[in-house]
Amino acid sequence: MGYLFTQLARFSETAIMSMGAHLTIAVSGIFFLGIPVTFSLAAYAMVIAQNFGVSLAVALIISFSAVLIASLIFVSAYLKLSADSFTVFTLASILAFDAAVKSWDSLTGGVLGIAGITRPAFVGTLVKLALFQFCLAIIAFMLEQVILKTHFGRALQAMKENEHLVESLGVSSRRIGSAAIIISSFMAAIAGIIAIWRLQFLDPSFGGLMILIEVVTIAIVAAKPKVRWLAFSTLVIVLLPEGLRFLNLPSTMVGHLRSLFYALILLVMIKNISEKLLAKKRFI
Amino acid sequence: MDKKEDLIAIENLSVKFGKQMVLDNVSLGIKTGEVVGLIGPNGCGKTTLLNAISGFVPIEAGTISFSGRDIMALAPDQRAVLGIGRSFQHAGVFKELSVADNIIIGAEKAEKFPWWWMFVRLYRKKMDKIVNDTLENVGLSAHKNSLAGVLSGGQIRLLELARLQLFKGRLLLIDEPTAGVAPALRQQLAKTIKKLNQEYGFTIIIVEHDLKFLFNLVDRVVVLVDGQKHIEGSPEEIQKDKRLQEIYFGNSD
C-alpha cells in the first residue's frame with residue numbers, strides 16, 4: 001500500500017509541476033526550462049528557513065517570495081532576450097543553481113544535503129500526504145481548465161501561432177507570456193514543497209535535469225491544450241517506467257533506463273507531432 | 001484646400017534592414033474617412049510601411065502621428081488599443097483555434113469584457129450573439145465550431161475582415177486582401193471593405209496588387225517604388241503614369 005500511495009504522491013507532484021510546463025511549452029510555445037530551479041529553490045528556501053526556527057507559515061512565505069524573485073528574473077530575461085537565447089538562459093540557470101547549492105554548503109549542506117525534514121502535522125503520514133497532494137493536483141487541473149477557457153488561455157494558444165497577430169488585437173503578448181512564466185514557476189514551487197515533505201531529505205539531486213526531462217516529456221506528449229491530455233500524459237510518463245522495477249535489472253541500471261525511456265518517448269513524439277507542437281520552427 | 005485633419009501623418013519615414021534601406025524618406029498623410037491604396041512592385045516597401053505604422057519594425061528615421069499624437073514610443077498592442085487595426089498578408093486568423101474563438105479573441109478585447117466573462121450567463125449570451133451575427137454576415141455560421149485551419153483562403157480572409165468589423169478602432173491596415181482568394185469571393189471582399197469604410201467609419205490603407213479590385217475601392221492611390229514615394233493621386237491619374245504602366249503591364253517607351 002505504501003508503494004501505491006507513493007506513486008499517487010509522485011503522480012500528483014509531477015502533475016502540478018507539469019501544468020506549468022504545459023502552459024508555457026505546449027500551449028504558448030515559450031520554451032521556459034527554468035522549472036527545476038523554482039522546484040528546488042522553493043524546497044531549499046522553506047527547509048533552510050525552518051532550520052532557522054521560523055514557523056511553517058513564515059517559511060512558506062519566505063519560500064514563495066524567493067520563487068517570486070526568481071520568476072521575475074526569468075521574466076526579465078524573457079522580455080529582453082530572443083526566444084532561443086531565453087531558452088538557453090533558463091537551461092543555464094539550472095546549472096547555476098546547482099553550483100550555488102553545492103558551493104553554499106553552510107546553508108544547504110552541500111552534496112551531503114539536509115536530512116530529517118519533518119512533515120507538517122496535517123500531512124504527518126504518507127497516506128494523508130498523498131491524499132492532500134492528490135487534492136492539490138485536482139485543483140491544479142481545474143485551474144488549468146479555467147485558464148484555458150479565459151482570454152488569457154486563448155491568448156496563450158494564439159501567441160504560439162502568431163505573436164504579431166495577437167498584438168494587433170491589442171493584446172500584449174509579452175505580458176501574457178510573463179504571466180505564464182510566473183504561473184509555471186509557482187506551480188513548480190508548490191510541487192517542490194510537497195515533494196520534499198514526502199522525501200524528507202534534500203540534496204543537490206533534488207530537481208535538476210532529470211525533473212526537466214520528465215516535465216518537458218509530459219508537456220510535449222500532452223501537446224494539445226486540453227487538461228485530459230495533460231493528465232493522461234502525466235500518468236503514462238510517471239507510471240510506465242515503474243514497470244522497470246519488476247524486471248530483474250541491477251538497481252544501477254534502472255535510473256539510466258528511466259532516462260532512456262524518456263528520451264525515446266521524446267524522440268518519437270517530436271518526430272510525429274513536431275508540426276503540431278511547434279507552430280514556428282525553432283533553432284537552438 | 002482640404003481642411004480635414006490627417007488621421008495618420010507620416011513624416012520622412014525611413015526603415016532599414018541591415019544595410020538595406022527598405023523605406024527611404026517617405027511622407028504621407030491620410031485623412032479621416034479616406035480609403036487609400038498602396039501599390040508598387042514587389043519589395044518596394046508596402047508591407048514594411050504597414051508594419052512601421054503597426055509598430056512591428058524599428059524606424060531608422062522619421063515620425064508617425066496618429067490623431068495628432070506621436071506613436072513612435074508605443075508598442076504594437078498599445079497602437080491597436082489606440083485604434084490601429086491590422087490584417088496581414090498571410091493567415092490573419094489563428095488556425096488552431098475554432099472559428100468562434102477567432103471572433104471571441106477579438107471581440108472580448110473590443111467589447112472590454114472582464115476576464116471572467118465566460119462564467120457569467122449574461123456575458124456568454126452577449127458573446128454568443130456577437131459571434132453568431134458576425135459569422136452570419138460573412139456566411140461562415142456552418143463553420144462556427146470548426147478549427148479555422150480547415151477554411152479556404154477566401155473564407156479565412158472573410159473571417160479576418162469579420163473580426164475587424166468588431167474592432168473598435170479608427171484605422172485599418174489591410175495587406176493584400178485578395179491574395180489566395182478565388183475571383184468569385186472578391187466581390188464579397190470588396191463589399192465588406194466598403195462597409196468597413198462607409199458604415200463603420202474606418203479609415204483604410206490597402207496594399208493590393210489587383211489594380212482593378214483596388215481602383216474600385218479607393219479614393220486615392222500612393223505608389224511606392226524602391227522604398228520611395230513615386231507618385232500619389234486619384235485612381236484615374238495614377239493609371240496614366242508611365243512608370244506604373246511599365247511596372248504592372250510591361251509597357252516601354
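Letters go in sequence order (proteins before strands), and every chain restarts at 1.
Only the side chain of B:F119 comes within less than 4.5 Å of a heavy atom of chain A; its backbone N, CA, C and O stay farther away. Only the side chain of B:W117 has a heavy atom closer than 4.5 Å to any heavy atom of chain A. Proximity to chain A (any heavy atom under 4.5 Å) is restricted, for B:R163, to the side chain, taken from C-beta onward.
Side chains of A:S85 and A:S82: a donor on one and an acceptor on the other come within 3.5 Å.
The shortest distance between side-chain heavy atoms of A:V236 and A:V221 does not fall below 4.5 Å.
Of the charged side-chain nitrogens involved, none lies within less than 4.0 Å of a carboxylate oxygen, so that B:K46 and B:E176 do not count as a salt-bridged pair.
Of the listed residues (B:I84, B:L164, B:I105, B:V81), the one with the most heavy-atom contacts under 4.5 Å to chain A is B:I105.
Here the shortest heavy-atom pairing between A:S173 and A:E163 reads OG-OE1, 3.2 Å.
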